[in-house]
Undergrad: 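Just dropping this structure here.
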2 protein chains.
Amino acid sequence: MKLAEKKDTKTHILDVAERHFAIYGFAGTTLRGIIKEADVNVAAVAYHFGSKEDLYSAVIERFAKPVVEEQLSRLRKEIVKRNVKLTNILTAFYEPPIALIKSMGKRGATLSLFLGRCQTEQEPIYSMIDKHFAPCRDQFLLAMRQVLPGLSKKDYHWNFEFMLSLIVCFLTRQQVISKRYTANENWQVDDVVSRLVGFCTAGMQDSK
Amino acid sequence: MKLAEKKDTKTHILDVAERHFAIYGFAGTTLRGIIKEADVNVAAVAYHFGSKEDLYSAVIERFAKPVVEEQLSRLRKEIVKRNVKLTNILTAFYEPPIALIKSMGKRGATLSLFLGRCQTEQEPIYSMIDKHFAPCRDQFLLAMRQVLPGLSKKDYHWNFEFMLSLIVCFLTRQQVISKRYTANENWQVDDVVSRLVGFCTAGMQDSK
DNA sequence: GTATGATTCAATCAATTGATTGAATTTTTG
DNA sequence: CAAAAATTCAATCAATTGATTGAATCATAC
């Protein structure tokens, strides 16, 4: 950090912590690993955030909030329309996180991992995560009921879980896959979204 | 452990380690947590397995091997047929792990978690995992080429990843979901397999 | 300028971590 | 039974963990 010097310490810690939590998980991340890379004092974490747990919470807060808000905003615009379509609901769900991650370049890549990894964290992390995503999940479940009438409650839930798992799959595997099979790590938002929407639409509607 | 006394120490450690790795991940698991629950000496781990890493390897070995072997065996029986169908390939992939887990009762539930969680482990764990599943993955990729001609290499890979993600989703979320929405945690192998096969077949074939 | 509050720092805490040692014990072998 | 091998044990190691303290430094307001 030479020019544009002295990014605010709190933000700096947050940035590094985000990457560490994404890569190593909550248990695998050490405060010392973070503060060493961020080049700050250990006490700074306690001062600005409190505990390791609080730090994790701050990381989630910063990144999940804008995604969920955008998803819900997009969803609201869809469900007021006369005849909502499943593809539009799914696009409203998939595009915000994908677009955000794409726009963030390298940081986006670690956020991908974070999003995938945080789904398998234990308590108390799990509740922390769920708190942020539960309202969004419920809204989309309701919307699916509109566009896919006649399914059982169980069907809705599994459809939603599958929908979620596809994006988590993309987010966590994208780097691995493109490294394994291609020289080119580039991907386009529209390609990915339409791939996800396509697979999921078919799965939900045409599943015999 | 009162009757049927004295399960072999090595197996005993393996059982407890399996559950701990499943729940807490590699980093979150402590040898002391394991040996305390298994009621054995710390040195027993070193004696029977070596390091913590070696122990993890032993856990994978024991559980992944029979699954992969059964998957490949089922696959071989399918691809010799005159006209292979996608549904049959998918069933060959999905049924073995699902059936195994179901047959194992409570231990199966933790194995579910393990299978899901191990997918997001870091090196050197990741390579350990990949080593066991890579041959299987390659075989199924080849088979998909037979039943879904005309797709790009990229398409095959993402289809395979999505196929994988659906079962990982089921394995890791099943307990959470059924706890959230129903009183009944029971599920039938055939129901689950046909749900997975149905969703995935549609996603692969009818994706516009 | 100086006082007040915000921030950073080095030093240290007790607890836990994976791992190892060598003796004690059990089991197997001849 | 006795020798040998396999297994278990308590004790301990150095390293790392999250967290805290009180002094030092910085920024801001008056």
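So that the names make sense, note that chain A is the first sequence line, chain B the second, and so on, each numbered from 1. Just so it is clear, the structure is predicted and the values come from calculations on it, not from any experiment.
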Undergrad: How close do B/M204 and B/F160 get, counting heavy atoms only, and between which atoms?
TA: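 Here B/M204 and B/F160 meet closest at CE-N, 4.4 Å.
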
Undergrad: List in numerical order all residues of residues 24-37 of chain A for which some heavy atom is under 4.0 Å away from an atom belonging to DNA chain C.
TA: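 By residue number: A/R32.
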
Undergrad: Testing A/F49, A/F63, A/F114 one by one against A/Y56 for a ring pair (Phe, Tyr, Trp, His ring centres under 6.0 Å), which residue passes?
TA: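 Per the ring pair (Phe, Tyr, Trp, His ring centres under 6.0 Å) rule, the option paired with A/Y56 is A/F114, out of A/F49, A/F63, A/F114.
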
Undergrad: Report yes if a side-chain nitrogen or oxygen of A/H48 is closer than 4.0 Å to either non-bridging phosphate oxygen (OP1 or OP2) of C/dA6; otherwise report no.
TA: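 Answer no for this pair, as no side-chain N or O of A/H48 is under 4.0 Å from OP1 or OP2.
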
Undergrad: Let me know, please, whether A/V42 or A/Y47 comes out on the 5' side of the other along DNA chain C by nearest nucleotide.
TA: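 The residue mapped nearer the 5' terminus is A/Y47.
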
Undergrad: Answer with base, sugar-phosphate or nothing: what part of the nucleic acid does A/A44 contact at a heavy-atom distance below 4.0 Å?
TA: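 Here A/A44 touches no strand at all.
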
Undergrad: Return the value, rounded to whole Å, for the distance between atom CD1 of A/I13 and atom C1' of C/dC9.
TA: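 After rounding, the gap between these two atoms is 13 Å.
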
Undergrad: Send over the distance from A/F49 CZ to C/dA6 P, rounded to a whole Å.
TA: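 Spelled out: CZ on A/F49 to P on C/dA6 is 17 Å.
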
Undergrad: Using a cut-off of 4.0 Å between protein heavy atoms and nucleotide atoms, how would you tag nucleotides 21-28 of chain C 5' to 3' with B, S and -?
TA: B-------

Undergrad: Show the nearest heavy-atom pair for residues A/R195 and B/F162, with the distance to one decimal.
TA: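 Looking at all heavy atoms of both residues, the closest pair is CG-CE1, 4.0 Å.
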
Undergrad: Separation of A/E53 atom CD from D/dG18 atom C1', in whole Å?
TA: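 The answer, rounded to whole Å, is 12 Å.
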
Undergrad: Which pair of non-hydrogen atoms, one from B/G25 and one from B/E121, has the smallest distance, and what is that distance?
TA: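 So the minimum-distance heavy-atom pair works out to CA-OE2, 3.5 Å.
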
Undergrad: Under a 3.5 Å cutoff, is there a donor and acceptor pairing between the side chains of A/S51 and A/D54?
TA: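 Side chains of A/S51 and A/D54: pair found under 3.5 Å.
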
Undergrad: How close do B/L75 and B/A92 get, heavy atom to heavy atom, and via which atoms?
TA: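 Scanning both residues, the minimum pair turns out to be N-CB, 4.0 Å.
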
Undergrad: D/dT7 P sits how many Å from B/H12 NE2, rounded?
TA: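 Between P of D/dT7 and NE2 of B/H12: 17 Å.
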
Undergrad: For A/K65, check salt bridge (Lys or Arg N to Asp or Glu O under 4.0 Å) against everything at least two apart and list the hits.
TA: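 Once residues adjacent in sequence are excluded, the partners of A/K65 under the salt bridge (Lys or Arg N to Asp or Glu O under 4.0 Å) criterion are A/E61.
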
Undergrad: State whether B/T9 places a side-chain N or O below 4.0 Å from either non-bridging phosphate oxygen (OP1 or OP2) of D/dT8.
TA: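 Checking D/dT8 against B/T9, a side-chain N or O does come within under 4.0 Å of OP1 or OP2.
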
Undergrad: Does the side chain of B/D15 reach to within under 4.5 Å of the side chain of B/R19, using non-hydrogen atoms?
TA: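 They are not in side-chain contact.
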
Undergrad: Any side-chain donor-acceptor pair under 3.5 Å between B/S127 and B/E123?
TA: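 Result is yes, a qualifying pair exists.
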
